[in-house]
Amino acid sequence: MFCPKCGDEYRTGFKRCAACDTDLVEKLVDAREPASFEMVTVLETGDQSLVAVAKSMLEGAGIPCIARNERLQNLFGWGAIGTGFNTAMGPIRLQVLQEDAEAAKELLVSRAPEHSEEDDA
Ligand SMILES: [Zn+2]
């Protein structure tokens, strides 16, 4: 048995948490788990190399992301770059989980080439 409030585990037979005075439950439901995977687009571009760079940046920061192609409406693995990728597929959307969206956008904005102040070419 578990306390849904503080997460303490109790042996079978206990019904209330001594600390919280809360009814115990048989299983803890992880409240942090999103009910549905809400994906947010953080980058949309037809430039596959830009997507690849952004994806590696996000993954390097521990942010899981997927690249979604508009026209095909499915997911594809980036391991296939150079073999099956066709630039005629249309814009690519790089998406992350809603909870990671802010961090992802900050990361991308801070590293985006067009925001570089050294760009005086
Ligand atoms: Zn408790």
Side-chain angles (χ1 to χ4, degrees):
M1 302 299 283
F2 296 88
C3 169
K5 219 170 177 180
C6 66
D8 272 1
E9 184 175 355
Y10 286 83
R11 275 172 300 182
T12 308
F14 284 86
K15 291 219 170 358
R16 290 181 84 81
C17 175
C20 313
D21 196 29
T22 301
D23 286 335
L24 299 179
V25 294
E26 287 205 35
K27 276 183 181 175
L28 272 186
V29 178
D30 190 352
R32 293 167 302 173
E33 195 80 36
S36 62
F37 285 100
E38 200 77 47
M39 302 302 288
V40 177
T41 301
V42 292
L43 179 70
E44 184 173 349
T45 178
D47 185 343
Q48 70 175 89
S49 62
L50 189 58
V51 173
V53 168
K55 191 171 189 290
S56 68
M57 275 165 48
L58 292 175
E59 286 177 345
I63 300 174
C65 58
I66 58 166
R68 185 190 295 269
N69 184 268
E70 271 291 275
R71 208 168 294 178
L72 291 185
Q73 286 294 326
N74 63 13
L75 312 180
F76 53 95
W78 283 93
I81 279 187
T83 57
F85 189 84
N86 180 347
T87 49
M89 287 198 307
I92 303 153
R93 284 182 180 176
L94 195 63
Q95 298 187 317
V96 301
L97 288 172
Q98 183 131 43
E99 62 189 45
D100 294 327
E102 284 308 309
K105 283 175 186 171
E106 262 181 50
L107 189 70
L108 293 176
V109 166
S110 69
R111 304 276 195 89
E114 58 265 36
H115 288 265
S116 170
E117 290 177 14
E118 295 168 55
D119 184 13
D120 54 4

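Heavy atoms only: backbone and side chains are in, while hydrogens, waters and symmetry mates are out.
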Write down the atom of [X], the atom of [Y], and the distance for their closest heavy-atom approach.
X: K105; Y: V42; result: CG-CG1, 3.9 Å
X: A67; Y: I92; result: CB-CG2, 4.0 Å
X: T22; Y: C3; result: CB-SG, 4.3 Å

Mind checking side-chain hydrogen bond (donor to acceptor under 3.5 Å, both in side chains) for [X] and listing every partner two or more places apart, or none if nothing turns up?
X: E102; answer: none
X: D8; answer: none
X: T41; answer: Q95

Can you list everything that forms a side-chain contact (heavy atoms from CB on, under 4.5 Å) with D47? Sequence neighbours excluded, please.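 D47 satisfies side-chain contact (heavy atoms from CB on, under 4.5 Å) with T45, S49, L50 once adjacent residues are dropped.
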Taking only residues two or more places apart in sequence, or in another chain, which ones meet A54 in a side-chain contact (heavy atoms from CB on, under 4.5 Å)? L43, L94, L108
Would R16 and D21 pass as an ion pair if we require N to O under 4.0 Å? yes
How long is the span from the CD atom in E59 to the SG atom in C65, to the nearest 0.5 Å? 4.5 Å
Measuring from atom CE of M39 to atom CZ of R93, what distance do you get when rounded to the nearest 0.5 angstrom?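 With rounding to 0.5 Å, CE (M39) is 12.5 Å from CZ (R93).
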Within a strict 4.5 Å, meaning less than it, do heavy atoms of the D100 and P64 side chains meet?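 D100 reaches P64 side chain to side chain.
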Student check: side-chain heavy atoms of L107 and L58 closer than 4.5 Å: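 Answer yes - side chains close enough.
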Grouping ILVMFWY residues whenever side-chain heavy atoms fall under 4.5 Å, the cluster of M1 otherwise contains Y10, F14, L24
In this structure, would L97 and V40 fall into the same cluster of hydrophobic residues linked by side-chain contacts under 4.5 Å? no
